[in-house]
Amino acid sequence: IKTIALSSLGASLFMESCYDVSKEKIKRSLTRYEYGRTTKEKLYDDRLFNEKFFNDDEYKHLLDTIRKMADSKVRIEGMHIDNEFYYFVVFLTASFMRPVKSEVFNIRYRDIEVHTNPDYLEIRVTGKTGYRSVRTMPNAVDYFTKLRDMRRPKIKEKDFLFFNHFPNRNTARDNAMRCFDLILREANLKKTKDGQNRSLYSLRHYSLQTRLIKSKGKVNIFVLAKNAGTSVNQLERFYLRHLDPVSYTHLRAHETSLHL
């Protein structure tokens, strides 16, 4: 991928003032690919890409499998695969968050603000890269509302959004990982075509890939990286190379867009 150049100094100042992204950090991210990747980096990137992703049909089949297992009341390690687990999966995909203790498993109801027109959730997260405010995709509002309605009137602001019956968040994470692994095997999706394993992290990678590709390059890559708690460099390495040339041109043309 060629270097994504800032279209003007004004764009750089905009990013610095509005999103706390320094000009030096922007420059480092944008010039990473000016001289290309080494052969070792290319092999690593290709292997990691093949390991992590779903395509749209596979993701739809995954959700269908979760619904069927929920209807059958499948239970593993003291945890049900139920409607809550379904909303956990689709929420992850709509929020770009990491499936780790400090991010999605640490969210409480008090950390979430619902916005309308446009619809999105604003979530306060202290994750792998420190504190950030996550702005979700519109469908996350519907998932959150249905999950909240399922639990009323017992909800407390201090409750965890997912798997609140496990106060130990390491236990919640480990059980969710085991459930998801069982679902992948039931759906025959545990292995990619190249024989690599998928995991909960595959949902994050799928969501970022889908956001970039379906926007046809109109997403603001700097804002998306900030929102997901990652870097432009990472988006370049694992996602942008799969954009078609027209979409890539659009991406450069919309560098100063305010919209995710």
Trainee: Please determine if E103 and R132 form a salt bridge, counting it only when a charged side-chain N lies under 4.0 Å from a carboxylate O.
Mentor: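 Salt bridge flag = yes for R132 with E103.
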Trainee: Evaluate the ring pair (Phe, Tyr, Trp, His ring centres under 6.0 Å) criterion for residues F166 and F163: first the C-alpha distance (whole Å), next the side-chain angles of each, then the deciding distance (0.1 Å), finally the verdict.
Mentor: CA-CA 6 Å; F166 294 116; F163 318 124; 7.3 Å; no
Trainee: Is R67 paired with D71 through a side-chain N to carboxylate O contact shorter than 4.0 Å?
Mentor: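 Between R67 and D71 there is no salt bridge, as every charged N stays at least 4.0 Å from the carboxylate O atoms.
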Trainee: Measure from the side-chain N and O atoms of D119 to the backbone N and O of N117, and report whether any donor-acceptor pair falls under 3.5 Å.
Mentor: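 Yes.
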Trainee: For the CG atom of L62 and the CG atom of L184, what is their distance to the nearest 0.5 Å?
Mentor: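 Nearest 0.5 Å value for the CG-CG distance: 6.0 Å.
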Trainee: Would you call D82 and K73 a salt bridge, using N to O less than 4.0 angstrom?
Mentor: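 So D82 does not pair with K73 through a salt bridge.
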Trainee: Check this for me, if you would: do D56 and K214 make a salt bridge, where the nitrogen-to-carboxylate-oxygen distance has to be below 4.0 angstrom?
Mentor: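 Between K214 and D56 there is a salt bridge, with a charged N closer than 4.0 Å to a carboxylate O.
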Trainee: Can you name the closest pair of heavy atoms from L92 and P99 and give their distance?
Mentor: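 In this case the closest contact between L92 and P99 is CD1-CB, 4.1 Å.
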Trainee: Regarding Y87 and N83, is there a side-chain donor-to-acceptor distance under 3.5 Å anywhere?
Mentor: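 On atom types as modelled, these side chains do not qualify, holding no pair under 3.5 Å.
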Trainee: Given S133 and E122, is the side chain to side chain donor-acceptor pair (under 3.5 Å) satisfied, shown in steps?
Mentor: CA-CA 6 Å; S133 179; E122 185 175 352; 3.0 Å; yes
Trainee: State whether the side chain of N227 and the backbone N or O of R135 hold a donor-acceptor pair below 3.5 Å, judged by distance alone.
Mentor: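 Yes, the answer is positive, given that a donor and an acceptor are paired below the 3.5 Å cut-off.
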Trainee: Output yes when D181 and R185 qualify as a salt bridge under the 4.0 Å nitrogen-oxygen rule, no when they do not.
Mentor: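 Yes, charged N to carboxylate O under 4.0 Å.
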Trainee: Check whether any side-chain heavy atom of E84 lies under 4.5 Å from a side-chain heavy atom of R151, and answer yes or no.
Mentor: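 They are in contact (side-chain heavy atoms under 4.5 Å apart), so the answer is yes.
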Trainee: Under a 3.5 Å threshold, yes or no: a donor from one side chain and an acceptor from the other, between Y59 and T210?
Mentor: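 Distance-only check fails for Y59 and T210.
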Trainee: Using 30° and 60° as the class limits, which term best fits the ring planes of Y109 and F144: parallel, tilted or perpendicular?
Mentor: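 Answer is tilted, since the angle falls between 30° and 60°.
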Trainee: For atom CG of N170, is the number of surrounding heavy atoms from other residues, nucleotides or ligands below 6.0 Å larger than 12?
Mentor: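 Correct, the count exceeds 12.
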Trainee: Inspect the contact between R124 and E113 and indicate whether a charged nitrogen and a carboxylate oxygen are less than 4.0 angstrom apart.
Mentor: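 Yes, charged N to carboxylate O under 4.0 Å.
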Trainee: Decide, yes or no, whether a salt bridge links K60 with D64 under the criterion of side-chain N to carboxylate O below 4.0 Å.
Mentor: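 Salt bridge between K60 and D64, a charged N being under 4.0 Å from a carboxylate O: yes.
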Trainee: Are a donor atom and an acceptor atom from the side chains of K191 and N197 found within less than 3.5 Å of each other?
Mentor: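 Looking only at side-chain atoms, N197 and K191 do form a donor-acceptor pair, the distance falling under 3.5 Å.
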Trainee: Flag this pair as yes if the NZ/CZ of R108 is under 6.0 angstrom from the six-membered ring centre of F160 and inside a 45 degree cone about the axis; otherwise no.
Mentor: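 Yes, a cation-pi geometry.
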Trainee: Can you classify the ring geometry of F91 versus F162 as parallel (below 30°), tilted (30 to 60°) or perpendicular (above 60°)?
Mentor: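 Plane angle over 60°, so perpendicular.
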Trainee: Checking H115 against L121 for the side chain to side chain contact (heavy atoms under 4.5 Å, CB included) test, could you report, in this order, the C-alpha distance in whole Å, the side-chain angles of both residues, the deciding distance, and whether it holds?
Mentor: CA-CA 6 Å; H115 296 262; L121 300 176; over 6 Å; no
